[in-house]
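To keep things clear, I will list the structure first and then write my remarks on it.
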Amino acid sequence: MIKAITGTKDILPNDINNWRRLENLIESRMKLYNYREIRTPVFEETSLFSRGIGETTDIVSKEMYTFTDRSGTSITLKPEMTASVVRAYLEHNLGKQYNFLKMYYISPMFRQERPQAGRLRQFHQFGAEAIGSNDPALDAEMIELSYSVLVNFGLKNLEIKINSLGTPESREIYKNELRSYLKSKFSDLSDDSKKRFNSNILRIFDSKDETDQIIMNQAPKILSYLDGQDLSHFEEVKKYLNLIGLNFSVDEKLVRGLDYYTNTTFEIISPKIGSQSALCGGGRYNLLIEQLGGKPTPATGFAAGMERILLACQNENCMDSSGQKIDVYIVRIDQDKESEVFKLASQLRNNGITTEHDYLSRSVKAQMREANRLNSNFVIMVGGNEFKHGNVVVKNMEDGTQVETKFSDINEIKRKLSK
RNA sequence: GUGGGCGUAGCUCAGUUGGUUAGAGCGUCUGGUUGUGGCCCAGAAGGUCAUGGGUUCAAAUCCCAUCGUUCACCCCA
């Protein structure tokens, strides 16, 4: 038997309720903050991601689904959305049309990692990008917006962490300081961190190794190396968050893995979903647009993992477990009333009434059981003596009462259903 | 890429130190009035015990391999 590809999951009819609930919530929150939806293709030219995300990042260097199409072009299934949004922004000259633009998306993403709790190879993210402003209020708005989706979905155990990475210049100075600090401790570092020393030194802050953590607690911190402008930008962000009463903590160890971040970074984590605890991550990327061939343009954004949100929701018991519900189930009493049932179903549906009937030639009892299982508000029975007088029986499934009404008068049937 | 756990009915799982026809609950189906649901009762269907090999008189149970899955490292949403 053919099975789904490792790391991919079917979203079955029984799962769909909560997905739709999340999607609807995202749409309504985004609308409140005036973000407009953008959809981009699932694949792009590979170079977009290698240039945008960073050649040396794990995502680009070992996790992308890349293939060559028949024309010889190297193509990659999108591992994240920011690069694609910026590409579309530049390709369609949206910057000329709007000097400031807010966009959001809901989309599948693809990364070839080993699956584990909260990590799939095809997964879904929603996120937002605001392009054209360096206003710290926007950084704060991003945090508030993403947090508001999580909270309104029903999650309670959430923690907001923020940090600032400054500019590439100040970060370089800082990284040099960090390098010289770590040189003397190099032999004590874990093997992983020894590798990180060369590849991505800031990542050593993320290490779960105890010795690493002790060493890094003593290490110089990035905030002391920010220049005046970046520092006051960060202060402003914090001020705005405080203004709206959002609880957060500054975590100087919070470094993001993608190369394009500058200044503010943030993460919202949940302790409820295992080791992949980040529900949402984002920050400012003031240099990316230039890097991808546009004019220098400040921008900020975030992405959130939908499977992780649903996982957290499950573990916090905030899933909606309500089942199916329909308005009417038509029970066919006599086998030969198939045409009448079919016609009535059509009429009811065209009147906006959710209607179901039997397709398996089942007994009246089985049809009734099915009506009950589907949580039908009413049953309409077609056949028997009543039908000989031109009537059908309308049964209220809640209280069990039933009345007769004319089969030919759809308006009268509708009236009986509204009681 | 590295390491650990686990693969028995549609689902969740039992299965004693290897020992006859492999079980339960839920779900499904049928029946309990001729034309009426929920609760209850009775019955039924449904399993190559992941796959392949080995040990043994005997394997769901022990060993090996493969595949799948899951968790963690790594990395990230």
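Order of the sequence lines fixes the chain letters, A, B, ..., with proteins taken first and strands second; residue numbering starts at 1 for each chain. The structure presented is a predicted model; accordingly, all values stated were derived computationally and were not measured.
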From CD of A:E404 across to P of B:rG35 the rounded distance in Å is 17 Å
Atom CZ of A:R362 and atom C1' of B:rC29 are separated, to the nearest Å, by 10 Å
Pairwise [atom1] distance, [M] and [N] [rounded to whole Å]:
N: B:rG4; M: B:rA59; atom1: C1'; value: 26 Å
N: B:rG54; M: B:rU16; atom1: C1'; value: 25 Å
N: B:rU61; M: B:rG52; atom1: P; value: 13 Å
N: B:rA42; M: B:rU12; atom1: P; value: 27 Å
N: B:rG18; M: B:rG43; atom1: C1'; value: 35 Å
N: B:rA22; M: B:rU30; atom1: P; value: 28 Å
N: B:rG10; M: B:rG46; atom1: P; value: 11 Å
N: B:rA24; M: B:rA14; atom1: P; value: 16 Å

Does any donor-acceptor pair link the side chain of [X] with the base of [N] at a separation under 3.5 Å?
X: A:E63; N: B:rC74; result: no
X: A:Q367; N: B:rU36; result: no
X: A:R114; N: B:rG3; result: yes
X: A:K395; N: B:rU36; result: yes
X: A:E386; N: B:rG35; result: yes
X: A:R119; N: B:rC75; result: yes
X: A:R308; N: B:rC76; result: yes

What is the nucleic acid contact for [X], judged by heavy atoms within less than 4.0 Å: base, sugar-phosphate only, or nothing?
X: A:N385; answer: base
X: A:I5; answer: nothing
X: A:G274; answer: sugar-phosphate
X: A:T6; answer: sugar-phosphate

So, does [X] get its side chain near the phosphate of [N], meaning an N or O under 4.0 Å from OP1 or OP2?
X: A:S275; N: B:rC73; answer: yes
X: A:Q402; N: B:rU36; answer: no
X: A:R369; N: B:rG38; answer: yes
X: A:Q116; N: B:rU70; answer: no

| request: May I ask you to check whether A:Y359 and A:H357 place their ring centers less than 6.0 Å from one another? | output: yes
Handout entry: A:Y174 ring center near A:Y225 ring center (under 6.0 Å)
Key = yes
Open item on the list: Are there over 12 heavy-atom neighbours, none belonging to A:I5, within less than 6.0 Å of that residue's CD1?
Closed with: no
For the side chain of [X], counting heavy atoms from C-beta on, which of [options] is nearest?
X: A:K208; options: B:rG31, B:rC73, B:rC76; result: B:rC73
X: A:R203; options: B:rG37, B:rU30, B:rC75; result: B:rC75
X: A:M397; options: B:rG37, B:rU30, B:rC71; result: B:rG37

Applying side-chain hydrogen bond (donor to acceptor under 3.5 Å, both in side chains) to A:E113 and not counting sequence neighbours gives A:R119
*asked:* Whether A:R21 engages the ring of A:F153 as a cation-pi pair (distance to the six-membered ring centre under 6.0 angstrom, angle to the ring normal within 45°) should be assessed.
replied: yes
Quiz item: When you check the side-chain N and O atoms of A:N396 and A:K416, is any donor under 3.5 Å from an acceptor?
Solution: no
Going by distance alone, is a donor N or O of one side chain under 3.5 Å from an acceptor N or O of the other, for A:R179 and A:N176? yes
Any stem touching RNA chain B, meaning at least three consecutive Watson-Crick or G-U pairs under 3.5 Å, ordered by first number, would be B:1-7 with B:67-73, B:10-13 with B:23-26, B:28-32 with B:40-44, B:50-54 with B:62-66
Practice problem: Step by step, work out the side-chain hydrogen bond (donor to acceptor under 3.5 Å, both in side chains) result for A:E356 and A:S376. | Solution: CA-CA 9 Å; A:E356 186 55 291; A:S376 190; over 6 Å; no
For A:P298 and A:N134 the tightest heavy-atom approach is CG-N, 3.7 Å
